[in-house]
Structures are given as C-alpha cells and as structure tokens.
Amino acid sequence: MKSEIPYRLSVSFPGELDYIPLVRQLVSDALQVLKFSPKFSFRSEFLVDELCNNAVIHGSPSNRQPVEVLCDAYGDRVEIFVKGAGGYQENIQRFREAIAEASREKGNDIELIRLLSDTVTCTIDDNNVSHIHVVRMREC
Amino acid sequence: MARGMDIMSDNAPAAMIEDIPQAPDICLIRLRGDLDIRSAAILDSCLTESVMDGKKFAIVDLSAVTMIASVALGKLLGLKRRFSEKGGDLVLSGINIEIKMKCLLMGVDKIFKMFSDVHSAMNVYSWEVMHQAESIKLSFPPQIGVVPAVRRFVSGVMAQKGYKGRDSFRIETIVDELCNNAVEYGSKNENDNISLSMRIDWEKIELDAENVSDPAKREQLQAFMSNVSCEMPHDGDFRRGRGLALVKLLSSDFSADVTEKGTIVHVTKIKEE
C-alpha cells in the first residue's frame, strides 16, 4: 500500500441511529481487507461509531439529514472524516473544548475518541455543516 | 407552535404540546415530572385537545418524566386508542432506564412502540407512514475483498427497511454481482473507486453501480451488455456473462451503459414479499 495515495471508503447515509452499526461494521471489514489488524480495525470502528452517533444526535436537528463518513487508509494511518449537516456552532465548540480539556465530565464518548485517536480536528463551515477529522496511526 | 399547560403546582408547564412543521400529522407531547394519580386526570383532558386538533399521530416524550403511575399509563393507553381509531398511533420516546425497566415488567412494550428519542420516532414515522425514500451512497476501492463487506452492509440495510427473506437475498446477490463485475472489468487503479447508490423506497429499491472501465476489457464488457438476456449462456465460454444474466433475471428493471468514461448499471427491484 502506498503511503501517499490512500484507499478511500466513503458512505453517506440518512441521519438515523439504526444505520450506524452497519457503517461501523463496513469500515471494520474494509480495514481488515486492507491489511489492518483486527485490533486496529476494532478500535477504528469504535471511533466511527462514536463520531457518527455524535453527528446524528447533535449534528442534524432536522430529520434525515445525511451523515457522510470518509475513511482514508494509508500505509501508516487511517484518517476518518465525518460530515454532518446542520451542526450547531455551540455543539462544535463544546466538542472542541471536551477534546482539549480531556475531562471525563464531558462524557465518556468524547474521552473514548480522544483516547483512540492521535489528532482530532473539528470545523464548521458557512453552511453550518460540521466536519470532524480524526487521525489514527497504525500501531507497531 | 408550542402550547404549555400546567398540570402540576410548579411554575413550569408539565405538559407541552408542539406541532412539527415538517410533519403536520404529528403532535409532540413533552411531559415532565411525576405522572401520578393527581396529574393523570388533568393530563387526559389536556391531551385530548391534541386528538381533537386533527392530528393522527402523537409522540410522547418522557425524557423529563421521573415517575409514571399505572393510572397515567392507563390514560396514555386510552389516548392511544383514540389515535388508533383515527388510523394513527401514539408512541413513547426517551423513557429513562429505570422507568423503562418497570414498563417492560408491566408489558408496556407490547402495547406502545418505544423509541430512544424523538428523532428516532420521527424517522420511523417518515419511513412507515410518509413512505419517504432513503438514499445511501457508497464508494469503495476496486478490491475484490471489499465486496463481501459491501454485501453484508446492503443485507443489513435491507433488514432494517423490512426487506426480508427472498427479496433481501436477491438484492444482496444483485449487489454482489454488480460489484464483482465492477472490480473485474473496471480500472485497477486504486483511486478509481466503485460507486454504489441505493434509493430505498417502501415498495422498491433502485441501485446504480458506477465504475471507471478498464480500456482493455471495455469491448468485451460492451458485448456482454448488449447480449445480456435472462437466459444463462450455453455456448462458447459459458462461464462469462452468467453474472449479468443472473442480475437481469433477479431485477425488475435493468439497464447498462458502457462508455469510454465508465460503466453505469441501473437496477430496479420491486419488493415482492
């Protein structure tokens, strides 16, 4: 696998919690096909699960706004992007603070994301769409 | 529009009835505090208003409720019956774990549909009542090993949407064949992803599989596409083209377009069961 050009898996699905286990499983299966270890895949699917749950619960106030998951698999890392329509600035700010503060009071899911990833970046664009970018390095 | 009503003695309204702009048939009833014997009678009269208001469906949000007496459950049951008589329903959402355990012991889940939050209840309404179609888009690298994962994903989606048994298996098979063909006849460049779009309806599913063609195999693929029929090929290399024949056999509608840019296959499968 080349380091510069990633294998890219992307899924766009309606903002429903019911879809998340399926997306999680898909990402895990695909990562294992791309020669990532079961442990790495399992931890990455946890990240996908948490990020998608956040995107559905906090990010899309109107019904059925799509959530987009993009997973770039490089030789040495996996980068996960989750895009949720309609995220509110205050939710993103809360998320950003929670990541930075490393406080358990902010919720276990945030703590889990922080624990399982090497970098986490949150942005919100002019259309009020939230973008979460997580990098997870391959374990030696 | 939200209408608050004082049921209990404190200042904040213990019941709030809200209209949902994108779903005019639904009223959202948010309750809070203890639903005991005192509040149950007032609750009944207040909530009847929403039934009289022409609404057919109600979502009762119990996320701020701390206790439910059986008499209050009885009132909700009576209200549910009234909605049912109008061809609608009343569902519960956001029940905290402690109350939910008690409700399960009483068998409340056999009477009321219960959802984790209002959002989930709304989603089920959109699908089951409004019959709104849902779109899912997938893009994956052209690797044969990823195809079973895609198939499993599609199978899960089918199960979620009530496509079961034969329908589900046939759609899975179609997806499997389309994706395998896309890998086999498509570009091997790892950046030329295969796209799969699904539009799931209450009655049918529409699939679009798209990939960049392998120039060396384009003519062969065009020949298969132009000759594809519901009959399994018997002559020549009988192993070639069976997948497409199977897809056509299992589909309600099938079309394919092979150009220099790529291959697009469109399949419609109508729900049979």
Side-chain angles (χ1 to χ4, degrees), chain A residues 1-36 41 44-45 48 52-75 78 81 83-86, chain B residues 20-23 26 28 59 93-94 115-127 129-130 132-162 175 179 183 189-200:
Chain A
M1 194 188 300
K2 290 177 192 170
S3 210
E4 297 78 19
I5 306 166
Y7 283 101
R8 173 166 285 187
L9 173 78
S10 74
V11 195
S12 168
F13 60 97
E16 281 189 46
L17 293 174
D18 293 343
Y19 281 110
I20 295 173
L22 302 172
V23 173
R24 174 185 169 147
Q25 182 69 48
L26 176 70
V27 170
S28 175
D29 289 348
L31 287 179
Q32 288 192 62
V33 170
L34 298 174
K35 310 288 183 213
F36 284 88
S41 305
S44 300
E45 67 169 89
V48 169
C52 289
N53 268 294
N54 278 345
V56 171
I57 294 167
H58 303 296
S60 49
S62 64
N63 221 23
R64 295 188 170 220
Q65 290 294 314
V67 174
E68 201 177 319
V69 177
L70 205 144
C71 184
D72 280 348
Y74 294 83
V78 165
F81 301 80
K83 198 167 90 174
Chain B
I20 300 172
Q22 65 265 36
I26 303 183
L28 173 60
I59 300 170
S93 78
F115 298 95
S116 56
D117 55 14
V118 174
H119 194 93
S120 302
M122 280 294 297
N123 282 333
V124 171
Y125 168 83
S126 299
W127 174 255
V129 180
M130 303 291 284
Q132 286 179 354
E134 294 190 356
S135 289
I136 298 170
K137 289 176 185 167
L138 266 175
S139 170
F140 54 95
Q143 293 228 347
I144 202 79
V146 182
V147 176
V150 171
R151 179 179 178 148
R152 199 174 305 135
F153 175 79
V154 172
S155 168
V157 171
M158 292 299 99
Q160 291 278 3
K161 295 294 144 197
V175 167
C179 293
V183 173
N189 186 333
E190 62 199 36
N191 290 326
D192 291 336
N193 267 16
I194 298 164
S195 302
L196 180 71
S197 302
M198 294 187 277
R199 191 175 181 279
I200 308 158

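Since the structure is predicted, the reported quantities are computational estimates derived from the model, not experimental observations. In the text below, chain A, chain B and the rest are named by the order of the sequence lines, each starting its count at 1.
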Quiz item: Which atoms of S116(B) come close to chain A, meaning under 4.5 Å heavy atom to heavy atom: side chain ones, backbone ones, both, or neither?
Solution: side chain
Quiz item: Between V23(A) and chain B, which part of the residue has a heavy atom less than 4.5 Å away: side chain, backbone, both or neither?
Solution: both
Quiz item: Residues in side chain to side chain contact (heavy atoms under 4.5 Å, CB included) with D18(A), at least two apart?
Solution: E16(A), Q160(B)
Quiz prompt | Student check: side-chain heavy atoms of Q143(B) and Y7(A) closer than 4.5 Å | solution = yes
Quiz prompt | 4.5 Å side-chain heavy-atom contact, V175(B) and V147(B) | solution = no
Self-check item: Heavy-atom pair count under 4.5 Å with chain A, highest-scoring of S139(B), P148(B), S155(B)
Solution: S139(B)
Quiz item: At a heavy-atom separation under 4.5 Å, does S120(B) approach chain A through its side chain, its backbone, both, or neither?
Solution: side chain
Quiz item: What salt bridge (charged side-chain N to carboxylate O under 4.0 Å, His left out) pairs are there with at least one residue in residues 143-156 of chain B, not counting sequence neighbours?
Solution: D29(A)-R152(B), R151(B)-E172(B), R151(B)-D176(B)
